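Structure record follows, encoded as structure tokens.
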Amino acid sequence: MAAALQIPKITKAIVLRKAASAVKPVYHDAILEERPIPELKAGQVLVRLHAAAFNHRDQWIRKGLYPGIGFESILGADGAGVVVASSDKNDVLLRKRVFLVPMRGWERDPDAPESSFYILGGGKAVPLGTFTQYLVVERDQVIPTPDHLDDVHAAAWPLGAVTAWRAVVVNGAVKKGDNVLITGIGGGVALVALQLCVARGANVYVSSGSEDKIRKAVELGAKGGVNYKANDWPTQLGALLKKNGASSLSVVIDSGGGDILGKTSPILKAGGRVVVFGMHASPKVTMTMREVMKNQKLLGSTMGSKQDLIDATNFLAEQRIVPIVSHILDGLEAAELGFQLLERGDHFGKVVIRITPDSPKTSPAKL
């Protein structure tokens, strides 16, 4: 007879705590502590997290720059591991590798969330985060991990993937033969966008403030890139397009905001799209009558639905795409280094914590 499955009572987790001192600028604490694991309720599973990935959102939360911050909540939106227990003893998910759906409130509506939209980790609305050894979650909020990915790379996928898929496929409608500019290459969303566009047969160009990041993007399939620190980067990009036999861009996938439409309009085809999924450079985008007369479209794009994530994951599995990971940190104890890497900004791809095994207090499973 097989030994009874043991489930833990306690998990280690990285918890957001209000900064102890009133130092400016604000930088809240991220504390490693033990937390009790809740009893499983109907429809829930217990996931043993093997890896969790950082997003810039985690850093913004610590800086007090993100809405709906929840002190004493567990940080982290992205995570992957294995289902070790379920409220249903016959659950087909038992012992299956999965990753977490990183948001709530948007199931499948093609246009916008059906209800209030929230992202896991560090918030008041959803008391869940992935910077933990174990996580109790609704069974319909996990997705099976594609067989070609290990847990580190699966953890690097969800939030960036759903954002990139919606920007590239749903809103950008990128197709084979399109000429696409992806700005700010090096971040998680931009890199997934690059991989999606290349897999769909598009000709991809990138911008970055780092020549090294441009070089790495070319190694991943980009046709070339320009340094946005140069005032004439749109002219340089136009020359690069012409050199490759193209007359204009079809789509721009942007994370900066500001005057992105004005700068790219002269090299964007009539009817072309500019999809903005972030505004790191400026909190507004300028649009003039020039762009209107050219039927150029400015589209806002933020995150995506659970169905978008499922569609993106199916495409990832078909194309055997592997998310780009920049740094792998061993253990939740190394989380502070991850925040430091985000602050430096010189990483190319995701920063992931490999959550090392532990031997927390356990009790016999009641399955």
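Computation of the quantities below employed the complete heavy-atom set of this structure, encompassing side-chain atoms and omitting hydrogens, waters and symmetry-equivalent molecules. Just so we're clear, the structure is a prediction, and the values are computed from it rather than from any experiment.
Looking at V137, V92, V47 one by one, the single match for side-chain contact (heavy atoms from CB on, under 4.5 Å) with V83 turns out to be V47.
V168 and A193 get closest at one heavy-atom pair: CG2-CB, 3.7 Å. In plain terms, the two heavy atoms of V325 and A156 that are nearest each other are CG2-CB, 3.9 Å. In this structure, H148 and I321 approach most closely via the heavy-atom pair NE2-O, 2.7 Å. Nearest heavy-atom pair, V174 versus R200, reported as atom, atom and distance to 0.1 Å: O-NE, 2.9 Å. A pairwise comparison of heavy atoms in D58 and A53 identifies OD2-O, 4.3 Å as the closest pair. Between A164 and V189, the shortest heavy-atom distance links the atoms CB-O, 3.7 Å.
Among residue pairs with one or both ends in residues 282-320, those qualifying as ring-ring contact (aromatic ring centres under 6.0 Å, His included) are W165-F315; sequence neighbours excluded. Within the structure, no pair that satisfies the ring-ring contact (aromatic ring centres under 6.0 Å, His included) test touches residues 171-192, not counting sequence neighbours. Legend: ring-ring contact (aromatic ring centres under 6.0 Å, His included) pairs involving residues 316-343, not counting sequence neighbours, sorted by first then second residue: F54-F339. Among residue pairs with one or both ends in residues 171-194, those qualifying as side chain to side chain donor-acceptor pair (under 3.5 Å) are N171-S301, K175-D178, N179-N203, T183-D254; sequence neighbours excluded. Contacts classified as side chain to side chain donor-acceptor pair (under 3.5 Å) and involving residues 114-129 (residues at least two apart or in different chains) are not found.
Residues forming a side chain to side chain donor-acceptor pair (under 3.5 Å) with Q59 (at least two apart in sequence, or on another chain): Y27, E343. Evaluation of the side chain to side chain donor-acceptor pair (under 3.5 Å) rule for T130 yields no partner, not counting sequence neighbours. R290 is linked by a salt bridge (Lys or Arg N to Asp or Glu O under 4.0 Å) to nothing, counting only residues two or more places apart in sequence or in another chain. Remark: K350 engages N55 in a side chain to side chain donor-acceptor pair (under 3.5 Å) (not counting sequence neighbours). Checked against side chain to side chain donor-acceptor pair (under 3.5 Å), T145 has no partners two or more places apart in sequence or in another chain. Residues passing the salt bridge (Lys or Arg N to Asp or Glu O under 4.0 Å) test with R273: none are found, sequence neighbours excluded. Residues forming a salt bridge (Lys or Arg N to Asp or Glu O under 4.0 Å) with R35 (at least two apart in sequence, or on another chain): E33, E72.
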Please lay out, stage by stage, how V198 and L220 fare under the test side-chain contact (heavy atoms from CB on, under 4.5 Å). CA-CA 9 Å; V198 169; L220 291 172; over 6 Å; no

Going through the distances and angles, do I355 and L332 end up as a side-chain contact (heavy atoms from CB on, under 4.5 Å)? CA-CA 6 Å; I355 303 176; L332 292 168; 4.2 Å; yes

Is there a side-chain contact (heavy atoms from CB on, under 4.5 Å) between I143 and W157? Walk through the geometry before answering. CA-CA 11 Å; I143 294 174; W157 174 246; over 6 Å; no

Determine, stepwise, if the pair W233 / K263 fulfils side-chain contact (heavy atoms from CB on, under 4.5 Å). CA-CA 9 Å; W233 70 260; K263 288 179 178 178; 4.0 Å; yes

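One finds the CG atom of D232 at 11.0 Å from the CG atom of L237 (value rounded to the nearest 0.5 Å). For the atom pair F71 CZ and R17 CZ, the distance stands at 11.0 Å (nearest 0.5 Å). Rounding to the nearest 0.5 Å places CD of E107 at 11.0 Å from CG of L309. Between I61 atom CD1 and I119 atom CD1 the span is 8.5 Å, to the nearest 0.5 Å. Rounded to the nearest 0.5 Å, atoms NZ (K294) and OG (S265) are 4.0 Å apart.
Side-chain polar atoms of E318 and N314 form no donor-acceptor pair below 3.5 angstrom.
Counted within 6.0 Å of NZ on K306, heavy atoms from surrounding residues, nucleotides or ligands total more than 12; the atom is thus considered enclosed. Within a 6.0 Å radius of CG in D147, no more than 12 heavy atoms belonging to other residues, nucleotides or ligands are found.
Ring planes of H56 and H347: tilted class, angle from 30 to 60°.
Looking at D308, its side chain does come within 3.5 Å of a backbone N or O of S305 through a donor-acceptor pair. For the pair K213 (side chain) and G209 (backbone), a donor-acceptor distance under 3.5 Å is absent. Between the T11 side chain and the Q133 main chain, a donor and an acceptor come within less than 3.5 Å of each other. No donor-acceptor pair under 3.5 Å is formed between the side chain of S255 and the backbone N or O of G278. A donor-acceptor pair is defined here as one N or O able to donate and one able to accept, closer than 3.5 Å; no such pair exists between the side chain of H50 and the backbone of V152. Within the 3.5 Å criterion, the main-chain N or O of L93 finds a donor-acceptor partner in the side chain of D91. For W60 (side chain) and K63 (main-chain N/O), no donor-acceptor pair under 3.5 Å exists by modelled atom type. Looking at Q195, its side chain does come within 3.5 Å of a backbone N or O of V322 through a donor-acceptor pair. No donor-acceptor distance shorter than 3.5 angstrom exists from the side chain of R354 to the backbone of A51, with no hydrogens or angles considered. Using a distance-only test at 3.5 Å, with no hydrogens or angles considered, a donor-acceptor pair links the side chain of Q44 to the main chain of K41.
Tracing side-chain contacts under 4.5 Å through hydrophobic residues (I, L, V, M, F, W, Y), one reaches L94 starting from V98; they form part of the same cluster. Hydrophobic clustering of Ile, Leu, Val, Met, Phe, Trp and Tyr side chains at less than 4.5 Å, counting indirect connections, unites I324 with F99. Note on I267 and V180: separate hydrophobic clusters, where clusters join Ile, Leu, Val, Met, Phe, Trp and Tyr whose side-chain heavy atoms are under 4.5 Å apart, directly or indirectly. Cluster annotation: V274 and V206 are assigned to distinct hydrophobic clusters (Ile/Leu/Val/Met/Phe/Trp/Tyr, side-chain heavy-atom contacts under 4.5 Å, transitive). Residues L337 and F348 fall within the same hydrophobic cluster, defined by Ile, Leu, Val, Met, Phe, Trp and Tyr side chains chained together at heavy-atom separations under 4.5 Å.
Residues I214 and Y205 have side chains not in contact (no heavy-atom distance under 4.5 Å, counting atoms from C-beta outward). Residues L40 and V45 form no side-chain contact, since every pair of their non-hydrogen atoms from C-beta on lies 4.5 Å or further apart. Counting heavy atoms from C-beta on, the side chains of L191 and I185 come closer than 4.5 Å. Within the 4.5 Å cutoff, the side chain of S248 has no heavy atoms near those of the L241 side chain. Residues L128 and L100 are not in side-chain contact: their nearest non-hydrogen atoms beyond the backbone lie 4.5 Å or more apart.
Figure legend: R57 and Y66 shown as a cation-pi pair, the cationic atom lying under 6.0 angstrom from the six-membered ring centre and within 45 degrees of its axis.
Taking 4.0 Å as the cut-off between side-chain N and carboxylate O, E211 and R215 do not count as a salt-bridged pair. Ion pairing between K216 and D212 holds under the 4.0 Å rule for side-chain N and carboxylate O.
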